[in-house]
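The figures that follow rest on heavy atoms only: side chains count, while hydrogens, waters and symmetry mates do not. Throughout, protein chains are lettered first and strands after them, A, B, ... in sequence-line order, and every chain is numbered starting at 1.
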Amino acid sequence: MPHWHPALSPPRTPGRLMSDESKNETSIETHEAPEELEISSEERASIRAQRLDRLAELREGGVNPYPYRFERSSDIGPVREEWSAIEAGTETGAVARLAGRLMLKREQGRLTFGQLRDRSGEIQLFVSAGVLGKESFAEFNQLDRGDWVGVEGEIMATKKGELSIKVTTWELLSKALRPLPDKWKGLADVDARYRQRYVDLTVNPDARRVFEVRFAAVDAIRQVLRERGYLEVETPILNLQQGGATARPFITHYNALSIDTYLRIALELPLKRLLVGGLDRVFEIGRVFRNEGIDTRHNPEFTMLESYEAFADYNDMMVLVETLVAAAAVAANGTTVVGMRGASVDLAPPWRRVSMVELIREIVGVDINPAMDLAAARAVLDGLGLEWKEHWGPGRCTHEVYDELVEPKVTEPTIVFDHPRETSPLAKPHRSDPSLVERFEVIVDGRELANAYSELNDPIEQLARFQEEAAHKAAGDPEAGDVDLDYIRALEYGMPPAGGLGIGIDRLVMILAEVESIREVILFPTLRPENSLTEDDFPPRSNT
RNA sequence: GCCUCUGUGGCCAAGUUGGUUAAGGCAGCGGACUUUUAAUCCGACGAUCGUGGGUUCGACCCCCACCGGAGGCACCA
């Protein structure tokens with residue numbers, strides 16, 4: 001154990017950041033420049049090296065460049081709001097203590113302007129040599145753009161009317177060793193933006209905007225569901241069996257039990273077990289994992305909302321999904337209207353509702369349905385130039401036409417209902433057509449945004465459907481699920497009739513934020529390893 | 001996995017019939033300035049052009065391989 005703890009170090013005077021000795025050293029250095037040639041030019045130019053030197057100076061001067069806390073009077077945003085109306089030249093007499101990152105610094109002789117930013121907003125710092133005193137003023141000017149600082153001072157407006165804090169005391173809260181990107185252009189390199197999201201968020205307002213949309217949308221969804229009596233729950237991410245969707249899973253190993261486990265590909269089965277247990281309205285917003293490719297619409301880990309409501313059916317889910325999406329849009333953007341490839345689309349309910357078979361007829365001009373003769377269904381695909389596989393029935397064929405030729409052409413929010421029974425192993429048979437299930441998808445901008453069923457709660461039928469899937473898996477389909485016998489057992493205790501809904505949160509945010517890549521809405525998207533970054537990029541301070 | 005494009009100092013970015021010192025801006029450094037707001041002005045500095053090979057008298061530029069990124073296809077609800 002160290003005998004000295006930094007938390008116990010005595011408080012220092014704010015603003016005393018540089019000793020007179022070090023100033024003298026600087027001036028001597030200039031005179032002795034010819035003898036300094038041993039410092040490599042690269043080293044002298046390195047901003048990081050300069051800042052390491054600065055850090056050492058601070059410590060030698062008794063200043064901790066990474067102190068513990070700073071007492072603030074409020075966030076910056078509220079100060080701006082409260083005092084937005086004051087006239088140019090006003091001195092309010094009110095004092096604020098604020099903290100944030102120093103985003104800009106404009107030195108003006110014996111006067112320096114800064115821009116201080118926290119999450120809530122930005123405010124100008126008015127830093128005058130006359131107010132601070134020569135020493136503290138000089139030390140303030142030693143701050144770098146990107147440093148975190150705390151300030152105290154009077155709220156005032158400059159001659160030009162800019163709301164400012166006339167700084168009387170200040171304190172370095174964290175020294176930045178690396179410089180921020182271009183103050184005007186920001187960070188443009190998308191690779192760097194994704195890998196170093198912290199920098200992206202610091203300097204690119206658009207990045208902040210996208211995530212504000214995301215947080216507001218998710219928040220609104222939670223709020224609507226809670227208002228309706230839904231309970232938010234958490235279910236396992238490590239699963240012993242694969243189920244709830246068709247997708248290739250990630251497999252990992254659990255040492256203590258010596259078993260392989262799957263990362264979940266859906267939330268569905270555990271949530272429906274909770275319906276059995278009497279938690280009659282539940283939802284989870286959680287990460288799911290699919291071991292598939294990365295593109296503008298897919299990330300291997302992404303966020304799903306799934307909600308289940310007892311005593312409801314898929315018609316109720318249609319109303320719910322409309323409500324949720326509209327609420328998310330309003331919370332995020334203040335309107336249900338979003339731009340989409342130049343056009344604008346209104347997400348306000350009600351949305352168009354159309355059956356899959358009808359929509360295929362409308363858009364493709366062919367009749368195909370899951371009840372028709374298999375040979376006839378194959379002939380339709382042949383006529384459309386689509387390929388079919390031996391084990392597909394007419395239902396799968398119908399779905400293929402829909403996926404390939406219909407979905408991409410739907411822009412306006414549309415509820416496409418009554419899917420083939422064959423492709424929906426967890427949905428309840430249609431109450432009036434045994435070839436169909438009570439299921440719908442929401443399509444917006446050619447993409448599937450949501451998926452919902454009247455949930456299958458007949459244990460006998462569910463077991464039969466699982467066995468069909470397991471047969472596919474045994475035949476080599478890595479996406480087919482397992483027979484989840486515990487789930488069947490749960491159903492045998494009785495699951496109430498229920499409607500279930502799943503929404504792809506990332507895709508919803510893409511629509512609301514009007515961005516084209518899923519990576520723009522995920523804080524840390526999956527990327528290949530960055531093997532160019534090594535410890536050599538973090539040299540210690542040189543001994544010159 | 002395949003195809004196309006792409007990788008220039010901390011950041012933005014110019015640079016083609018391959019030609020000698022690789023523009024410019026921001027940041028940083030030195031100086032001036034008490035009302036700036038991407039402050040401005042003056043000065044000096046900073047790059048083995050993603051990595052490794054090859055072609056050539058000569059390569060940021062042409063060829064090959066590898067690494068990273070973007071888009072598309074395939075795969076995939």
Side-chain angles (χ1 to χ4, degrees), chain A residues 26-27 29-30 33 39-51 53-54 88-89 103-115 122-132 137 142 144-146 156-164 166 176-196 199-200 202-204 245-248 265-266 288 290-298 300 302 304 399-400 402-404 407 419 423-424 441 443 447-451 477-479 502 504 507 516-517 519 525 527-533 537:
Chain A
T26 312
S27 59
E29 229 174 60
T30 336
I39 304 172
S40 77
S41 56
E42 187 188 341
E43 215 163 81
R44 186 182 312 230
S46 158
I47 291 171
R48 186 169 172 278
Q50 286 171 14
R51 300 219 182 155
D53 289 346
R54 176 74 191 135
M103 294 306 297
L104 282 174
K105 199 178 64 170
R106 296 181 286 275
E107 292 184 35
Q108 183 88 39
R110 291 172 52 73
L111 184 62
T112 293
F113 295 94
Q115 284 290 328
E122 211 167 298
I123 196 164
Q124 178 167 274
L125 303 180
F126 182 99
V127 185
S128 140
V131 173
L132 272 189
F137 179 75
Q142 292 280 332
D144 289 297
R145 184 169 164 264
M156 49 92 72
T158 61
K159 286 180 188 168
K160 294 276 174 64
E162 181 76 26
L163 187 68
S164 306
K166 185 189 255 182
L177 295 184
R178 293 179 187 258
L180 256 21
D182 190 289
K183 66 187 175 190
W184 186 239
K185 301 283 183 86
L187 186 63
D189 178 6
V190 290
D191 184 17
R193 287 186 46 235
Y194 297 154
R195 284 190 203 282
Q196 299 175 253
V199 179
D200 188 33
T202 301
V203 298
N204 291 337
T246 40
R248 203 179 278 245
I265 56 173
V288 298
R290 298 190 180 176
N291 206 337
E292 289 157 5
I294 295 176
D295 61 35
T296 49
R297 294 175 186 185
H298 298 87
F302 61 101
M304 290 272 293
H399 211 141
E400 180 72 5
Y402 169 73
D403 274 348
E404 292 297 317
E407 205 174 86
H419 288 221
T423 53
S424 313
E441 286 182 352
I443 306 304
R447 309 168 199 193
E448 178 195 337
L449 178 64
N451 188 12
D477 181 356
E479 292 171 13
R507 289 185 182 179
E516 291 300 314
S517 170
R519 295 182 204 89
L527 297 172
R528 283 196 165 80
E530 179 189 15
N531 42 28
S532 60
L533 189 68
D537 293 305

Student: Using the P atoms only, state how far B:C61 lies from B:U48, rounded to an integer number of Å.
Tutor: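 Looking at atom P only, B:U48 and B:C61 are 16 Å apart.
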Student: Can you tell me, in whole Å, how much space there is between the C1' of B:G30 and that of B:G71?
Tutor: 46 Å
Student: Whole Å only: how far is the CD atom of A:Glu162 from the P atom of B:U37?
Tutor: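 It is 11 Å, rounded to the nearest whole Å.
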Student: In whole Å, I'd like the distance from the CG atom of A:Leu104 to the P atom of B:A27.
Tutor: 9 Å
Student: Where do N or O atoms of nucleotides 6-14 of chain B meet protein N or O atoms at under 3.5 Å, pair by pair?
Tutor:
| from | atom 1 | to | atom 2 | distance (Å) |
| --- | --- | --- | --- | --- |
| B:C11 | O2' | A:Asp182 | N | 3.1 |
| B:C11 | O2' | A:Gly186 | O | 2.9 |
| B:C12 | OP1 | A:Ala188 | N | 3.2 |
| B:C12 | OP1 | A:Asp189 | N | 3.0 |
| B:C12 | O2' | A:Lys185 | NZ | 3.2 |

Student: Rounding to the closest angstrom, what is the interatomic distance between B:G68 and B:C29 at atom C1'?
Tutor: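 Taking atom C1' in both B:G68 and B:C29, they lie 33 Å apart.
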Student: In whole Å, measure the gap between the C1' atoms of B:A13 and B:C75 for me.
Tutor: 38 Å
Student: If you check every side-chain atom of A:Asp144, which of B:U35, B:G28, B:A70 has the closest atom?
Tutor: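 Nearest to the side chain of A:Asp144 among the choices is B:G28.
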Student: Just checking A:Arg145: base, sugar-phosphate only, or nothing, at a heavy-atom cut-off of under 4.0 Å?
Tutor: nothing
Student: When the C1' atoms of B:G72 and B:A14 are compared, how many Å lie between them, rounded to an integer?
Tutor: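 Approximately 29 Å lies between the C1' atom of B:A14 and that of B:G72.
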Student: Would you mind classifying the nucleic acid contact of A:Ala245 as base, sugar-phosphate or nothing, using non-hydrogen atoms under 4.0 angstrom?
Tutor: nothing
Student: Taking atom P in both B:G53 and B:A59, what distance in whole Å separates the two?
Tutor: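 Rounded to whole Å, the distance is 14 Å.
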Student: Within less than 4.0 Å of OP1 or OP2 of B:G69, is there a side-chain N or O belonging to A:Arg195?
Tutor: yes
Student: Would you tabulate the pairs of protein nitrogen or oxygen atoms and nucleotide nitrogen or oxygen atoms of nucleotides 72-75 of chain B closer than 3.5 angstrom?
Tutor:
none

Student: Could you give the distance separating B:U37 and B:C45 at their P atoms, to the nearest angstrom?
Tutor: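 After rounding to an integer number of Å, I get 29 Å for this pair.
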Student: Can A:Ser46 and A:Arg48 be counted as having a side-chain donor-acceptor contact under 3.5 angstrom?
Tutor: no
Student: Going by purine N1 to pyrimidine N3 plus the second Watson-Crick contact, or the G-U wobble pair, all under 3.5 Å, which nucleotide sits opposite B:U37?
Tutor: none
Student: Of A:Leu527 and A:Glu407, whose closest RNA chain B nucleotide lies nearer the 5' terminus?
Tutor: A:Leu527
Student: For nucleotides 1-3 of chain B, tabulate all protein N/O to nucleotide N/O atom pairs closer than 3.5 Å, reporting atom names and distance.
Tutor:
none

Student: Just name whichever nucleotide pairs with B:G19, Watson-Crick or G-U, keeping both distances under 3.5 Å, else none.
Tutor: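 Here B:G19 is engaged in a pair, and the nucleotide opposite it is B:C57.
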Student: Does B:A39 have OP1 or OP2 sitting under 4.0 Å from an N or O in the side chain of A:Arg106?
Tutor: yes
Student: Rounded to the nearest Å, what distance is computed from the CZ atom of residue A:Phe137 to the P atom of nucleotide B:U34?
Tutor: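 Taking atom P of B:U34 as the reference, CZ of A:Phe137 is at 9 Å.
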Student: Calculate the interatomic distance between A:Gln196 atom CD and B:G68 atom P; express it in whole Å.
Tutor: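 Taking CD of A:Gln196 and P of B:G68, I get 17 Å after rounding.
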Student: A:Tyr402 or A:Gly130: which one's nearest nucleotide on RNA chain B is closer to the 5' end?
Tutor: A:Gly130
Student: Can you tell me the base-pairing partner of B:C66? Count Watson-Crick or G-U wobble geometry only, both distances below 3.5 Å, and say none if there is no partner.
Tutor: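 Paired with B:G50.
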Student: Measure from the side chain of A:Arg519, starting at C-beta and using heavy atoms only, and say which of B:U34, B:U35, B:G71 lies closest.
Tutor: B:G71
Student: Could you measure between the two C1' atoms, the one in B:U17 and the one in B:C26, and give it in whole Å?
Tutor: 35 Å
Student: Is the phosphate of B:A27, meaning OP1 or OP2, less than 4.0 Å from a side-chain N or O of A:Lys183?
Tutor: yes
Student: Can we say A:Arg297 and A:Glu292 salt-bridge, meaning some charged N sits less than 4.0 Å from an Asp/Glu carboxylate O?
Tutor: no
